[in-house]
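A short worksheet on the structure shown next.
So you know, we letter chains A, B, ... as the sequences are listed, proteins then strands, and number each from 1.
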There are 2 protein chains.
Amino acid sequence: MKTDSQAIYADLKEKLMNARFGPGEKLKPAALQGEYGCSANTVRDILLRLTKVGLVEFEMQRGFRAQYTSPDKRNDVTRFRTMLEQEGATLSMKLGGISWEADLSAAHHKLSHLEREFERSGDLAEQPENMKLWTNAEWSFHDTLISRCGSPMLRETYENVYGQFRQQMVAQERDFGRSYFSAIIAEHQTILDAALSRNVEACRQAIHDHLKRNYVDTKPLEEVV
Amino acid sequence: MKTDSQAIYADLKEKLMNARFGPGEKLKPAALQGEYGCSANTVRDILLRLTKVGLVEFEMQRGFRAQYTSPDKRNDVTRFRTMLEQEGATLSMKLGGISWEADLSAAHHKLSHLEREFERSGDLAEQPENMKLWTNAEWSFHDTLISRCGSPMLRETYENVYGQFRQQMVAQERDFGRSYFSAIIAEHQTILDAALSRNVEACRQAIHDHLKRNYVDTKPLEEVV
DNA sequence: TTTGTCAAAAATTTTGAAATTTTCGATTTT
DNA sequence: AAAATCGAAAATTTCAAAATTTTTGACAAA
């Protein structure tokens with residue numbers, strides 16, 4: 001397999017996000033080297049870069065690991081994602097214009113189309129190719145939601161956290177059956193409606209409700225305090 | 001100069017945060033190699049790691065640069081820092097107990113002691129050694145403020161953003177004279193009082209007021225919208 | 001059984017050089 | 001003059017091996 005480092009980066013990132021490496025699994029450059037037909041140092045270089053987006057853990061003198069998983073970690077990542085998405089969406093609602101509404105509607109349209117198909121026949125979601133379509137559409141919708149926040153740093157951080165969120169949740173091997181899609185169709189719709197009507201509080205609530213299923217062993221922070 | 005990579009990392013980080021490299025300045029492993037008596041690849045490795053904390057920019061096939069600066073960038077970093085600190089402080093006020101109050105009081109005590117000395121005789125702040133003391137005390141106060149937020153990710157992100165904030169602002173070469181310290185003494189006090197009295201809105205406002213001098217060419221977002 | 005030691009094995013980091021890509025300036029073309 | 005071309009120089013990436021550090025497992029001591 002002959003590939004340049006961009007492709008190796010993309011491939012490793014994809015595998016990380018889809019839990020093709022177990023949580024906390026050691027990532028040894030020397031071992032991955034063969035897989036990609038490059039030197040161990042090239043792999044090291046790439047893993048160092050994946051560290052920046054939070055998918056890989058690095059510790060001096062003891063190498064790399066796929067991000068570990070735990071209930072606390074999952075709670076943390078969903079709580080932080082919720083916070084960033086709420087802030088980003090709130091700012092977008094204040095700053096975004098017609099073009100934002102158009103972009104968001106378009107992203108939602110694509111997403112809900114897919115989700116309704118998956119709801120109709122659960123088998124479709126079995127195919128990795130279809131899941132990848134949904135995955136992209138879901139990302140696109142949430143990214144568009146915060147796209148007019150006016151803060152590149154918030155947006156970039158959100159992107160990284162979204163990736164880590166997916167990494168954590170895919171590792172959980174949840175059931176993506178028909179009922180899952182029924183639920184999230186409604187949730188995405190609620191977020192869209194609140195956003196388009198510029199109802200800040202409703203939108204924050206809808207984002208929270210969309211993500212709250214991912215809290216484990218405890219309640220979301222806002223309910224705890 | 002013979003040092004291990006930990007020391008090189010620390011030294012480069014310190015230089016970056018104190019604007020010893022100009023904004024956007026190219027960081028060439030081959031050039032820095034001599035400075036540290038190690039190979040160019042070791043420097044590359046370290047720069048890749050500094051990328052994770054946002055002090056260094058990396059672009060494929062075109063190397064590393066110290067983070068660039070611009071009014072937009074400075075606005076973004078202070079806006080994002082404000083947001084994270086407000087959230088972190090709010091959560092700490094809800095979750096933190098007596099030990100948090102004690103830690104925060106202690107951190108503030110050290111900080112205000114230094115600041116009053118600097119206020120009394122402006123010359124003290126000229127010495128780099130003294131500024132480093134203040135720098136550490138300031139960080140400690142703000143970190144303690146959010147320390148009970150219950151979210152490791154929020155805290156780690158805040159740490160990175162705080163570092164970038166410092167990098168941006170030090171590059172501005174602002175005047176750290178007596179009047180500067182007079183102003184921030186009051187601001188830190190206001191934050192402390194609001195935090196200890198668990199007055200969420202007052203604390204958010206105090207954090208905002210503390211950072212608002214750093215907005216340039218535009219008003220802080222909350223005032224724009 | 002537990003703890004400690006120590007050498008072998010495995011893994012990580014560092015190196016110096018080769019391969020590749022980008023940058024820069026001079027020259028040519030439009 | 002402006003834009004395109006081309007080759008040399010500079011910078012970046014990749015490599016394979018050497019140096020260093022950590023981990024492992026066997027054996028000894030408490």
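One can place CE of A:Met60 at 15 Å from P of D:dT20, the figure rounded to the nearest angstrom. The separation between A:Gln6 atom CD and D:dT12 atom P is 17 Å, rounded to whole Å. Here C:dT13 presents its P atom at 13 Å from CG of A:Asp45, a figure rounded to the nearest Å. Per the geometry, CG belonging to A:Leu47 stands 16 Å off C1' belonging to D:dT13, to the nearest Å. The interatomic distance linking A:Tyr36 (OH) with D:dT14 (P) rounds to 14 Å, in whole Å. As rounded to whole Å, 11 Å separates atom P of D:dT22 from atom CD of A:Glu59. If you take CZ of A:Arg49 and P of D:dT12, they are 14 Å apart, rounded to a whole angstrom. Per the geometry, CG belonging to A:Asp4 stands 19 Å off P belonging to C:dA19, to the nearest Å.
Out of D:dA11, C:dT15, D:dC15, the shortest distance to the side chain of B:Thr42 is found at C:dT15. Checking C:dT14, C:dT13, D:dT12 against every side-chain atom of B:Gln61, the shortest atom distance belongs to D:dT12. Nearest nucleotide to the side chain of A:Asn41, out of C:dT14, D:dT13, D:dT12: C:dT14. Each of D:dT23, D:dT12, C:dT14 was ranked by its minimum atom distance to the side chain of A:Arg44; first place goes to C:dT14. Of the candidate nucleotides D:dT14, C:dA11, C:dT13, D:dT14 has the atom nearest to the side chain of A:Ser5. Taking every side-chain heavy atom of B:Ser39 into account, C:dT14 is the closest of C:dT13, D:dA11, C:dT14.
Remark: B:Lys110 fails to qualify as a cation-pi partner of B:Phe141 under the 6.0 Å distance and 45° angle criteria applied to the six-membered ring.
A salt bridge does not link B:Arg148 with B:Glu101: none of the charged nitrogens is closer than 4.0 Å to a carboxylate oxygen.
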**Request:** Go through the steps for B:Phe118 and B:Leu133 under the test side chain to side chain contact (heavy atoms under 4.5 Å, CB included), then give the verdict.
**Result:** CA-CA 11 Å; B:Phe118 290 176; B:Leu133 283 178; 5.7 Å; no
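With B:Val77 as the fixed residue, the side-chain contact (heavy atoms from CB on, under 4.5 Å) test singles out one of B:Arg166, B:Gln167, B:Gln168: B:Gln168.
Remark: aromatic rings of A:His108 and A:His113 are distant, center separation not under 6.0 Å.
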